[in-house]
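Contents: one structure, followed by commentary.
What you see below is based on every heavy atom in this structure, not just the backbone, and it leaves out hydrogens, waters and symmetry mates. Below, read A as the first sequence line, B as the second, and so on, with proteins coming before strands; counting in each chain starts at 1.
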Number of protein chains: 2
Amino acid sequence: MTKVHSASETDEKGEGFLKNIAIDAVIFGFHDDQLKVLLIEYKGTGLFALPGGFIKTEEDLNSAALRVVSERIGLEDIFLEQFYVFGDYSRYNPVQFKIIMSANGIVPADDHWLLKRFISIGYYALVDFTRAKPTPAAIFDSCDWYDLNNMPTLIQDHTFIVKKALNTLRSNLDHKVVGLNLLPQDFTMGDLQKLYETILGKKLLRPAFQRKMLALGILERVAKKWTGGAHKAPYLYKFINEIVDFSSK
Amino acid sequence: MTKVHSASETDEKGEGFLKNIAIDAVIFGFHDDQLKVLLIEYKGTGLFALPGGFIKTEEDLNSAALRVVSERIGLEDIFLEQFYVFGDYSRYNPVQFKIIMSANGIVPADDHWLLKRFISIGYYALVDFTRAKPTPAAIFDSCDWYDLNNMPTLIQDHTFIVKKALNTLRSNLDHKVVGLNLLPQDFTMGDLQKLYETILGKKLLRPAFQRKMLALGILERVAKKWTGGAHKAPYLYKFINEIVDFSSK
DNA sequence: TTCTATTGTATCATTGTGTTACAATAATAA
DNA sequence: TTATTATTGTAACACAATGATACAATAGAA
């Protein structure tokens with residue numbers, strides 16, 4: 001939920017946005033053998049949250065989600081997918097939003113639209129860490145990457161939302177080509193394996209992993225090789241085309 | 001979308017419900033070797049649609065979905081799961097709802113809440129056909145089962161929603177025990193195989209199917225046998241406990 | 001008792017995966 | 001130049017899962 005970045009969103013009635021519906025985005029990156037999540041911090045509150053936003057009156061839901069994510073990281077080519085809708089009544093807690101608005105000099109009326117109950121549609125995004133440019137909105141103190149297992153406390157049920165997003169990512173690992181979106185253009189088989197191991201939270205056997213990945217037929221060896229340490233140079237790979245889902249196999 | 005069954009839902013402002021959010025339910029049943037879907041017909045319009053409803057102000061989203069489904073089939077023990085949120089702006093078409101309301105003697109003002117744009121949260125349900133009791137609401141002419149591949153034309157994007165629900169069901173077939181919810185208490189291995197074949201839309205090999213199902217360890221042989229034709233009597237099985245998801249395997 | 005249709009399962013081939021082993025190689029050091 | 005070392009690429013084997021065929025068991029009908 002609840003990036004409040006434009007004048008219209010602080011409007012008492014929320015004209016121009018759909019009521020009672022928010023989008024929360026779990027944006028995953030991968031760097032230094034760590035899964036990262038993008039979090040924002042509301043100005044002057046010390047409150048951390050997932051990036052989020054609302055749906056404009058004439059905007060497609062998925063477009064709204066893409067807008068919310070790309071505003072935060074400055075990229076357009078993003079893997080983005082709905083994973084769950086969070087709609088328990090117990091999520092409803094207007095107090096925190098009063099604090100956030102107060103810290104921005106807004107004293108909302110009790111029937112301000114942002115203090116109403118919201119159903120939140122959860123999206124998860126996979127982005128290339130090396131190209132993403134975390135960009136805070138006006139009412140954020142910060143917008144940055146955090147290690148998945150070293151996050152600050154988040155508002156509402158956002159920690160749970162991250163957990164659920166990770167579970168979705170894990171179970172999609174067999175069906176979708178995840179690396180395509182989390183790794184730079186070229187990468188070694190070791191890089192890819194590290195990514196998988198980090199997402200799954202367990203070690204994989206190298207020969208079996210390599211054999212399986214090559215058998216998928218979605219990797220292409222780039223003729224170039226790596227330079228670096230005192231050992232055999234690994235191949236660099238890239239993904240062949242835009243095949244993203246191969247669940248039919 | 002858009003079962004209009006209580007006085008409050010025809011209220012101009014939609015007091016008591018969340019705005020801009022609807023629930024659409026794809027309720028699957030299985031009978032005569034056919035997958036069935038429950039459809040409703042709006043009174044005096046010839047318009048067919050999925051059963052649906054809205055979320056009460058203090059109601060959990062999933063509870064609302066359960067309420068919507070159980071009101072239609074009179075069962076409480078239902079497998080029910082979110083599968084997608086339909087939120088394209090092109091879904092928005094208030095004309096059909098004017099027709100539906102007119103046919104019920106309501107002439108809505110142009111800003112009637114039901115004529116606003118709705119985001120629809122799609123749920124699919126699996127129910128025991130033999131125990132379900134399709135029950136129309138006051139403003140329906142009918143509420144009945146239809147063969148999945150012989151449905152009438154549906155309003156809005158409801159045909160697409162059914163298609164997407166079926167795809168979800170198919171890809172969940174490996175992870176969830178589907179038969180538990182679509183078959184009566186006791187069934188033969190042939191019944192179970194027919195169900196799988198119907199969902200997947202293709203033939204399966206009998207020995208492999210039987211071996212795999214038995215290996216899952218979720219079936220229990222009921223001592224009784226079948227009586228009927230001029231051949232060996234099959235065993236009757238039932239599902240052991242409430243294991244519904246075994247994706248950890 | 002014989003015949004027929006269907007069920008339960010054994011069997012074998014093929015494929016996929018876990019595991020170990022080892023040759024190939026890129027830098028460094030002798 | 002040659003050995004050393006760390007890592008990569010892949011062969012090879014064992015084992016499990018699955019596709020496919022075959023056949024014995026059996027319930028009713030002829």
In whole angstroms, how far is the C1' atom of C:dT15 from the CG atom of A:L216? 15 Å

Separation of D:dA6 P from A:R206 CZ (nearest whole Å): 15 Å

Between B:D191 (CG) and C:dT6 (C1'), how many Å, whole number? 13 Å

Polar side-chain contact B:R221-C:dG8 base: donor and acceptor under 3.5 Å: no

DNA chain C: A:K232 or A:K212, which has the more 5' nearest nucleotide? A:K212

Which nucleotide sits closest to the side chain of B:Y235: D:dA20, D:dT8, C:dG8? C:dG8

Nearest to the side chain of B:P234 - D:dG19, D:dG9, C:dG8? C:dG8

Which one, C:dT28, D:dA11, C:dG8, comes nearest to the side chain of A:A230? C:dT28

Rounded to whole Å, how long is the line connecting atom NZ of B:K203 with atom P of D:dA20? 15 Å

Check: A:Y84 ring centre within less than 6.0 Å of A:F86 ring centre: yes

From the candidates D:dG9, C:dA26, D:dT26, the one with an atom nearest any side-chain atom of A:A233 is C:dA26

Nearest 0.5 Å please: distance from the CD1 atom of A:I161 over to the CZ atom of A:R91. 5.0 Å

Send over the distance from B:M213 CE to C:dT7 P, rounded to a whole Å. 16 Å

Between B:F83 and B:Y124, what is the ring plane arrangement, given parallel below 30°, perpendicular above 60°, and tilted in between? perpendicular

Closest nucleotide among D:dG19, D:dA22, D:dT10 to the B:L205 side chain: D:dG19

Does a side-chain N or O from A:Q210 land closer than 4.0 Å to OP1 or OP2 of D:dT10, or not? yes

Rounded off to whole Å, could you give me the CG-to-P distance for the A:L204 and C:dT17 pair? 12 Å

Considering only side-chain heavy atoms of A:H231, which listed nucleotide, D:dA6, D:dT10, D:dT18, is closest? D:dA6

Between the CD1 atom in A:I27 and the CZ atom in A:F79, the distance rounded to the nearest 0.5 Å is 14.0 Å

Rounded distance (Å) that lies between atom C1' of D:dG9 and atom CG of A:L214: 9 Å

Main-chain N/O of B:I121 paired with B:Q82 side-chain donor or acceptor, under 3.5 Å: no

What I want to check is whether an N or O donor and acceptor connect the side chain of A:R211 with the base of C:dG16 at under 3.5 Å. no

What is the distance, rounded to the nearest whole Å, between atom CZ of A:F187 and atom P of D:dT8? 15 Å

